[in-house]
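Accompanying notes for the structure given below.
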Number of protein chains: 2
Amino acid sequence: MEQHMHDHGSALDTARQGMPADELLCDLADLFKIFGDTTRMKILFSLFEEELCVNEITELLGMTQSAISHQLKVLKDSKLIANRREGKTIIYFLADDHVRSIVGQGYEHLTEENHYDENI
Amino acid sequence: MEQHMHDHGSALDTARQGMPADELLCDLADLFKIFGDTTRMKILFSLFEEELCVNEITELLGMTQSAISHQLKVLKDSKLIANRREGKTIIYFLADDHVRSIVGQGYEHLTEENHYDENI
DNA sequence: ATAATATATGAACACAAGCTCATATGAAAG
DNA sequence: CTTTCATATGAGCTTGTGTTCATATATTAT
């Protein structure tokens, strides 16, 4: 006698097939984790238009220079941004166009699905 | 005398122009935060192939039923998955094809840029 | 060399987030 | 209506993460 209405077993197997290796799943989550912070998201958006030095980003976001530097390090370590020295200042820029497309996808998801100030 | 080699001011203004509202930035970060956990990523991948009930996902991931339920709630609250009741079991499925494309973008970023077991 | 400017970094702290454990809900079977 | 099966949920604990504060490094100017 079947106790479930949908097949319990073949569905599991199919799901198991498509599951990537644990390491990749973990790396993937770690990548998205980088985008999962408002400060970092703001930094990325600011670099969408122009390359900027630390002080400029600090001003733009109205935060501590230290806080910005810490987040810049996170972003740089994950290869999403890169920097070059120019005299005393260090200029940061996007390392990769994937950043734009990933953030763009999320942006689309929000602006399409959700309704920002649509009656109230 | 200019103390900076790149223009400090117009770049800032340009960056300020393209910066979306704080609320949207925050929502965007919150969206990516959902993808930034291995357990949730595994759940999403498992639902890429088949719709599954809680017990199946629990088996598949080899975790506590409680842990899974908690994460399913997070995913459901953020509208990435949905569910329907079928007798005693509750079946979860992807709510949106954006999920596939967002995860797909991240996946591409990793598999293209990085080199998985490419000579060690 | 010394001072000034620009950025980076480590430690400490506060808060968020995920898991576990116990328990609650809800549907179906006896 | 009581029991069983499937899932949900709240509290507590533990770990992770972002910010601040103080300080270090690095480059340029005096």
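Every chain is numbered from 1 and lettered A, B, ... according to where its sequence line falls, protein lines coming before strand lines.
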N/O donor-acceptor pairs under 3.5 Å from side chains in residues 61-70 of chain B, not counting sequence neighbours:
| from | atom 1 | to | atom 2 | distance (Å) |
| --- | --- | --- | --- | --- |
| B/Gln65 | NE2 | B/Ser69 | OG | 3.1 |

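When the C1' atoms of four end pairs are superposed on the next four at each end of the helix from C/dA1-D/dT30 to C/dG30-D/dC1, using five pairs per end, the two resulting axes differ in direction by 10°, to 10°.
Checking the phosphate oxygens (OP1, OP2) of D/dT20, a side-chain nitrogen or oxygen of A/Thr64 falls inside 4.0 Å. For C/dA17, the OP1/OP2 oxygens have no side-chain nitrogen or oxygen of B/Gln71 closer than 4.0 Å. The phosphate of C/dA6 (OP1 or OP2) has no side-chain N or O of A/Tyr92 nearer than 4.0 angstrom.
Under the rule for a side-chain hydrogen bond (donor to acceptor under 3.5 Å, both in side chains), B/Tyr107 has no partner lying at least two apart in sequence or in another chain. Evaluation of the side-chain hydrogen bond (donor to acceptor under 3.5 Å, both in side chains) rule for A/Ser101 yields B/Gln105 as partners, not counting sequence neighbours. For B/Asn83, the side-chain hydrogen bond (donor to acceptor under 3.5 Å, both in side chains) partners two or more places apart in sequence, or in a different chain, are B/Tyr92. Remark: B/Phe93 pairs with no residue by the ring pair (Phe, Tyr, Trp, His ring centres under 6.0 Å) rule, at least two apart or across chains. Residues satisfying the salt bridge (charged side-chain N to carboxylate O under 4.0 Å, His left out) test with B/Lys76, not counting sequence neighbours, are none. Partners of A/Val99 under the side-chain contact (heavy atoms from CB on, under 4.5 Å) rule, at least two apart in sequence or in another chain, are A/Phe35, A/Leu44, A/Phe48, A/Leu80, A/Leu94, A/Asp96, A/Val103. For B/Lys73, the salt bridge (charged side-chain N to carboxylate O under 4.0 Å, His left out) partners at least two apart in sequence or on another chain are B/Asp77.
A/Leu60 CG to B/Asp13 CG: the interatomic distance, rounded to the nearest 0.5 Å, is 9.5 Å. Taking CD of B/Glu108 as the start and CG of A/Leu28 as the end, the distance is 11.5 Å to the nearest 0.5 Å.
Of all the residues in residues 33-49 of chain B, not one reaches under 4.0 Å from DNA chain D with any non-hydrogen atom.
In this structure, the side chain of B/Arg40 does not engage the main chain of A/Ala29 through any donor-acceptor pair within 3.5 Å.
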Check nucleotides 10-15 of chain D for protein N or O atoms closer than 3.5 Å to its own N or O atoms and list the pairs.
| from | atom 1 | to | atom 2 | distance (Å) |
| --- | --- | --- | --- | --- |
| D/dG10 | O6 | B/His70 | NE2 | 2.8 |

> Taking protein heavy atoms under 4.0 Å as touching, what does nucleotides 23-30 of chain D look like 5' to 3' if B marks base contact, S marks sugar-phosphate-only contact and - marks none?
Replying inline: ---SBS--
